[in-house]
Amino acid sequence: MSTRLHFDLTTVQLFIATAELGGVTRGAERMHMAPAAASRRILELESQFGVALFERRPHGMVLTDAGRAMLAHARNITHTVLRMQDDAASYLGGEQGVVRVAAPKSAVIQFMPRDIERCAAACPGVRIDLQEMNSQVVQQALRRGTVDIGIYEASLGAIDLPMLPYRGDRLVAVTARGHALAGRREVVLEDILACDLIVLNEGSAISLMLARLADETGQLLRMRMRVGGFDSIAALVAQDLGIGVMPAAIARHVAAGSRFARLPIRGDWARRQFVLCHRAEDSLSRAAASVARVLADTQNANPASPKQRWRPARALRTIRRP
């Protein structure tokens, strides 16, 4: 296979249309192309990759394994182009641009609505593109440069980018009212590890911390169910299928009422600190610097732990306001 590929966005969009509609003729109709020209483009694309992307059947075309893999890349390409167009359009009419912010579910629910509102007031020409992802993925996105600002749970460790303290929260255990722990005034780590746990999907900061603590104490972590949100945890806990660990502020909303018990957790590990990390100084836009400045405002963020040394975010001090 050639090491250099030559195809345009139209061919990528045609490939997606053909895959979604199950035939090159229907794909050509969506793209307003002649079927013969569309078929030639698909054949040329397959020739460049050196693999068949479709199985030709009497009543349509079906993606091969290679085709399914390429479809994911094709959709990413079109998504990136659309975001390029969106970013370019944001500069028309005097706007200052788009700032991409990534944050985990805990931060999105507890902090980001108010903070985005503050950013809108302080930076009226900037639009924030908020992306929810777990703390590990936030770090990956920062390293790859696909986001401007990332917020993640500090226990995951530092990465080689400017960083500031952001906000903190406190975890609680949530059980069904009839659970054996429900009558306790507080619980400790050993109580939690002795129970079946309902946790967020793999990679969440809480799940990783519980796994680390279990390993450090030589105990088995009984993660029985993984779900996508705190409301799902609460729904399963209500049926006494396990217990959950979540921020107290979130528990007050999703686990309110007589079906639940919300139990304070004794131990410093239950108090968490989030950090704000951003692109390096030489690649941080003025709009992103302004947003980071607002998000890191010490009057609206929890103070850093005295044991934690924070790397200074020089870009916030050296870039002037737009």
Checklist entry - Passes side chain to side chain contact (heavy atoms under 4.5 Å, CB included), Phe15 versus Met70? Steps please. => result CA-CA 9 Å; Phe15 169 59; Met70 295 306 104; 4.0 Å; yes
Checklist entry - What do the steps show when you test Ser106 against Phe230 for side chain to side chain contact (heavy atoms under 4.5 Å, CB included), and what is the final call? => result CA-CA 9 Å; Ser106 294; Phe230 292 111; 3.5 Å; yes
Next on the checklist: Using the rule given for side chain to side chain contact (heavy atoms under 4.5 Å, CB included), can you reason through Leu213 versus Ile192, listing the C-alpha separation, both sets of side-chain angles and the distance that settles it, and then say yes or no?
Outcome noted: CA-CA 11 Å; Leu213 291 169; Ile192 293 170; over 6 Å; no
Item to check | Worked check of side chain to side chain contact (heavy atoms under 4.5 Å, CB included) between Thr78 and Gln13 | outcome: CA-CA 7 Å; Thr78 57; Gln13 293 172 328; 4.0 Å; yes
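Under the 4.5 Å side-chain contact rule for hydrophobic residues, Leu221 and Leu208 do not share a cluster. No path of Ile, Leu, Val, Met, Phe, Trp and Tyr side chains, each step under 4.5 Å between heavy atoms, connects Val12 with Leu21, placing them in separate hydrophobic clusters. One hydrophobic cluster, built from ILVMFWY side chains closer than 4.5 Å, holds both Val137 and Val275. When the side chains of ILVMFWY residues are joined at heavy-atom separations under 4.5 Å, either directly or via intervening members, Tyr166 and Ile206 end up in two distinct hydrophobic clusters. A continuous path of ILVMFWY side-chain contacts below 4.5 Å connects Leu241 to Leu197, so both sit in one hydrophobic cluster.
Counting only residues at least two apart or in different chains, side-chain hydrogen bond (donor to acceptor under 3.5 Å, both in side chains) contacts with residues 222-242 comprise Asp196-Arg222, Asp196-Arg224. Note on residues 34-45: pairs passing salt bridge (charged side-chain N to carboxylate O under 4.0 Å, His left out), not counting sequence neighbours, are Asp8-Arg41. Annotation: salt bridge (charged side-chain N to carboxylate O under 4.0 Å, His left out) contacts involving residues 14-26, sequence neighbours excluded, comprise Glu20-Arg30, Glu20-Arg75. Judged as a salt bridge (charged side-chain N to carboxylate O under 4.0 Å, His left out), the pairs with a partner in residues 132-149 (not counting sequence neighbours) are, in order, Lys105-Glu132, Asp148-Arg279. Residue pairs meeting the ring pair (Phe, Tyr, Trp, His ring centres under 6.0 Å) criterion with at least one partner in residues 178-227, sequence neighbours excluded, are absent.
The closest donor-acceptor contact from the side chain of Arg252 to the backbone of Pro247 lies at 3.5 Å or more, if one exists at all. Here the side chain of Gln139 pairs a donor or acceptor atom with the backbone of Gly157 at under 3.5 angstrom. In this structure, the side chain of Asp297 does not engage the main chain of Val294 through any donor-acceptor pair within 3.5 Å. When atom types are taken as modelled, the side chain of Arg57 and the backbone of Val62 share no donor-acceptor pair closer than 3.5 angstrom. Between the side chain of Ser47 and the main chain of Leu43, no donor-acceptor pair closer than 3.5 Å is present. Arg262 places a side-chain N or O within 3.5 Å of a backbone atom of Ala255 that can act as its donor or acceptor partner. No donor-acceptor pair under 3.5 Å is formed between the side chain of Ser207 and the backbone N or O of Val199. Listed for the Glu46 side chain is no donor-acceptor partner under 3.5 Å among the backbone atoms of Ala52.
No option in Val98, Ile149, Asp115, Val291 other than Val291 meets the side chain to side chain contact (heavy atoms under 4.5 Å, CB included) test with Ile128.
Minimum heavy-atom separation, Leu263 to Ala182: CD2-O, 3.8 Å. Heavy-atom minimum distance, Cys277 versus Leu161: SG-CB, 3.4 Å.
Under the rule for a side-chain hydrogen bond (donor to acceptor under 3.5 Å, both in side chains), Ser39 has no partner lying at least two apart in sequence or in another chain.
The pair Glu186-Arg184 fails the salt-bridge criterion, with no side-chain N (NZ, NE, NH1 or NH2) lying under 4.0 Å from an Asp/Glu carboxylate O. Under a 4.0 Å N-O distance rule, the pair Asp215/Arg212 does not qualify as a salt bridge.
Within 6.0 Å of CZ on Arg56 lie more than 12 heavy atoms contributed by other residues, nucleotides or ligands. The number of heavy atoms from other shown groups lying within 6.0 Å of CZ (Arg266) does not exceed 12. Few gaps surround CD on Glu190; more than 12 heavy atoms of other groups in view lie less than 6.0 Å from it.
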